[in-house]
Protein chains: 2
Amino acid sequence: MAEAIAYDLRREILRGTLVPGETIKERENAEKRGVSRTPMREAIRILAQEGLVQLRPLRSPVVANPSLKEIIDQVRVLHALELLSGELACATATEAEIARIGHLKDEIDRLCDIIDSVDLFELDMQFHAAIVAASHNQALIETHRAYMARLWRARYLSARIRRTRRRVLRQHGAIHRALAARNPRRTKAEIDAHFAPMYKNIESHFKTSEDSGGN
Amino acid sequence: MAEAIAYDLRREILRGTLVPGETIKERENAEKRGVSRTPMREAIRILAQEGLVQLRPLRSPVVANPSLKEIIDQVRVLHALELLSGELACATATEAEIARIGHLKDEIDRLCDIIDSVDLFELDMQFHAAIVAASHNQALIETHRAYMARLWRARYLSARIRRTRRRVLRQHGAIHRALAARNPRRTKAEIDAHFAPMYKNIESHFKTSEDSGGN
DNA sequence: GCGGCTGGTTTGGTATACCAGATTGGACCC
DNA sequence: GGGTCCAATCTGGTATACCAAACCAGCCGC
């Protein structure tokens with residue numbers, strides 16, 4: 001149940017229903033959802049662990065309002081995790097897994113201009129998660145998932161930028177080909193190329209929207 | 001308070017007082033420590049997040065008993081995190097931080113054959129944590145700390161191997177010099193060299209002690 | 001009028017009570 | 001004698017009650 005509450009809260013935070021910087025009062029939110037404080041508390045801890053809310057001793061938790069540097073820092077870690085995934089996956093991925101990665105890439109190609117950006121973004125996350133899953137490294141999979149959750153908002157806002165979509169598609173294809181060729185060096189290079197624009201996108205979006213910066 | 005309980009539990013797990021595979025009953029352990037179930041539950045969640053205990057829905061949590069593969073997987077992630085730390089630290093570390101890393105190295109050199117292996121290991125962890133801290137990347141610091149906690153036992157057992165100590169000392173020096181030279185490529189290479197034996201050490205120790213393997 | 005203090009209220013932290021599913025031990029049947 | 005079923009009990013999950021610290025508003029003194 002706590003997991004379900006965390007899921008709802010997470011969506012609300014990432015969609016912006018719960019504004020960054022705002023407090024989350026246990027009682028209030030608990031009874032709004034018709035549950036007790038106990039699972040609500042647990043849900044908040046889960047989100048705190050993901051970095052979406054910030055706990056303060058003896059104070060109400062607040063929705064995290066990460067600064068640009070914090071987001072970039074987190075992207076750097078995510079980047080490193082995906083590099084490791086790509087390297088490992090070259091050695092450990094099954095042909096079926098590589099095929100599924102290719103299929104996801106094709107799906108993204110096909111639906112790119114049809115479906116809305118949220119659904120498209122979900123597909124993009126699945127593509128990346130599939131690569132990580134192909135590493136067959138459970139710890140890596142879990143840590144990567146945690147960072148994906150934490151960065152959902154920032155990555156989503158970055159991925160909206162239409163101008164870069166065609167490039168993203170090309171890069172997905174390149175990553176898939178490098179994986180299929182079982183070439184770790186090329187795979188890592190392509191993942192690097194895929195991440196490179198993200199730093200700039202996030203930065204520029206942060207500058208323009210400027211809804212935050214402090215905690 | 002939950003944090004304090006988690007601290008105690010963590011020590012007991014890592015020292016082996018709580019045997020891997022054993023269940024941790026909330027009521028039992030709570031009243032043994034004279035606290036309520038509520039903070040005990042929270043402590044258990046913290047440790048579960050660290051990977052030291054394993055939660056099972058509607059079942060008692062059990063002390064994690066990681067298989068060799070799981071440990072190696074985690075070391076791989078730790079390895080990647082430290083590589084990233086080294087690379088970033090070359091650009092971001094202050095001279096004072098590099099000096100502190102060098103000082104920790106000297107301390108380890110000096111006390112290597114004097115103090116007991118637990119204290120020595122604490123110093124080793126400080127050395128590595130100092131490098132990560134020099135990256136000035138909070139997310140990286142936190143994730144690294146989580147993996148250090150998770151791998152405490154395995155790394156400790158590996159570090160006990162006296163035969164390799166001299167090599168470890170040399171590698172610490174090499175890492176420090178590469179950092180001081182602000183040379184990312186060399187830093188990463190030296191960190192690689194430092195990690196390489198760990199995989200084998202853990203594997204060989206796992207084979208000999210053979211207290212586990214399953215979950 | 002303004003700042004600091006104070007009491008009531010809010011809120012997170014902890015303890016306790018209750019519930020439903022899981023476990024287990026034993027009795028019963030084959 | 002072995003297997004199966006059932007109930008007493010144990011255990012995690014949830015709800016509620018209580019406490020102490022933090023917040024806030026209004027009051028008092030300057």
Side-chain angles (χ1 to χ4, degrees), chain A residues 1-13 17-66 138 142 145-146 149-150 214-215, chain B residues 1-13 17-66 142 146 149-150 214-215:
Chain A
M1 174 157 222
E3 194 51 64
I5 299 173
Y7 178 82
D8 289 348
L9 274 180
R10 183 164 31 225
R11 284 184 79 89
E12 292 186 25
I13 292 174
T17 312
L18 289 173
V19 267
E22 205 66 18
T23 64
I24 302 179
K25 289 164 199 165
E26 291 183 0
R27 282 180 176 79
E28 190 175 308
N29 277 62
E31 70 185 34
K32 189 185 327 185
R33 285 155 214 284
V35 298
S36 162
R37 281 180 58 202
T38 317
M40 169 61 75
R41 266 180 76 81
E42 193 171 329
I44 290 176
R45 303 307 156 119
I46 292 174
L47 296 184
Q49 143 59 20
E50 291 177 2
L52 291 176
V53 313
Q54 198 171 348
L55 297 181
R56 310 172 299 176
L58 296 178
R59 303 275 273 280
S60 293
V62 297
V63 179
N65 188 16
Q138 195 57 37
E142 280 166 23
R145 173 166 40 221
R150 217 204 267 223
N215 296 305
Chain B
M1 174 157 220
E3 196 51 65
I5 299 173
Y7 178 82
D8 288 348
L9 274 180
R10 185 164 28 228
R11 284 186 78 91
E12 292 185 26
I13 292 174
T17 312
L18 289 173
V19 263
E22 206 65 19
T23 65
I24 302 179
K25 289 164 201 162
E26 292 182 359
R27 283 181 176 81
E28 190 176 307
N29 277 62
E31 69 186 33
K32 188 184 329 185
R33 289 170 164 67
V35 298
S36 161
R37 279 179 61 200
T38 316
M40 169 60 76
R41 265 179 77 82
E42 194 171 328
I44 290 176
R45 303 308 158 117
I46 292 174
L47 297 184
Q49 145 57 22
E50 292 177 1
L52 291 177
V53 314
Q54 198 171 351
L55 297 180
R56 309 171 300 177
L58 295 178
R59 302 275 272 279
S60 292
V62 296
V63 180
N65 188 17
E142 281 167 22
R150 216 204 267 223
N215 294 306

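Not measured: the values here are computed from a predicted model. The sequence lines fix the lettering, A, B, ..., with proteins before strands; numbering per chain opens at 1.
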(message) Reading DNA chain C in the 5' to 3' direction, which nucleotide is the first one with an atom under 4.0 Å from a heavy atom of chain A, and which is the last?
(response)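 Nucleotide range with atoms under 4.0 Å of chain A: C/dT11 to C/dT14.
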
(message) Tell me the closest heavy-atom pair linking A/Pro61 and A/Leu55, and the distance in Å.
(response)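 Scanning both residues completely, I find the closest heavy atoms to be CB-CD2, 3.9 Å.
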
(request) For B/Ser60 and B/Lys25, work out which heavy atoms get closest and say how close. (result)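 Heavy atoms only, the tightest pair is OG-CG, 3.9 Å.
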
Sugar-phosphate, base or nothing in reach of [X], heavy atoms under 4.0 Å:
| X | result |
| --- | --- |
| A/Arg33 | nothing |
| B/Ile24 | sugar-phosphate |
| B/Arg27 | base |

(request) Using a strict cut-off of less than 4.0 Å between a Lys/Arg side-chain nitrogen and an Asp/Glu carboxylate oxygen, indicate whether A/Glu50 and A/Arg45 qualify as a salt bridge. (result)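 No, no charged N to carboxylate O under 4.0 Å.
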
(message) Looking at A/Glu28 and A/Arg37, is any side-chain nitrogen of the basic one under 4.0 Å from a carboxylate oxygen of the acidic one?
(response) no

(message) Between B/Ser36 and B/Thr38 (side chain of the first, backbone of the second, donor and acceptor by atom type, cut-off under 3.5 Å), is there such a pair?
(response)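 Answer holds: yes.
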
(request) Mark yes or no for whether B/Arg27, through its side chain, and B/Glu31, through its backbone, hold a donor-acceptor pair below 3.5 Å. (result)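 Absent.
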
What is the distance from [atom1] of [X] to [atom2] of [N], rounded to the nearest Å?
| X | N | atom1 | atom2 | answer |
| --- | --- | --- | --- | --- |
| A/Leu58 | D/dC23 | CG | P | 9 Å |
| A/Arg41 | D/dG13 | CZ | P | 16 Å |
| B/Glu28 | D/dG12 | CD | C1' | 14 Å |
| B/Lys25 | D/dT9 | NZ | P | 16 Å |
| A/Glu3 | D/dG12 | CD | C1' | 16 Å |
| A/Glu26 | D/dA21 | CD | P | 17 Å |

(message) Reading DNA chain D from 5' onward, which residue's closest nucleotide shows up sooner: A/Pro57 or A/Thr38?
(response)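 The answer here is A/Thr38.
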
(request) Compare side-chain N and O positions of B/Arg37 against OP1 and OP2 of D/dC10 and report whether any pair is under 4.0 Å apart. (result) no

(message) It should be established whether B/Ser60 places a side-chain nitrogen or oxygen under 4.0 Å from OP1 or OP2 of nucleotide D/dT11.
(response)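 Looking at the OP1 and OP2 atoms of D/dT11, neither is under 4.0 Å from any side-chain N or O of B/Ser60.
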
(request) Applying side-chain contact (heavy atoms from CB on, under 4.5 Å), run through A/Arg33 and A/Leu9 and close with a yes or a no. (result) CA-CA 10 Å; A/Arg33 285 155 214 284; A/Leu9 274 180; 3.3 Å; yes

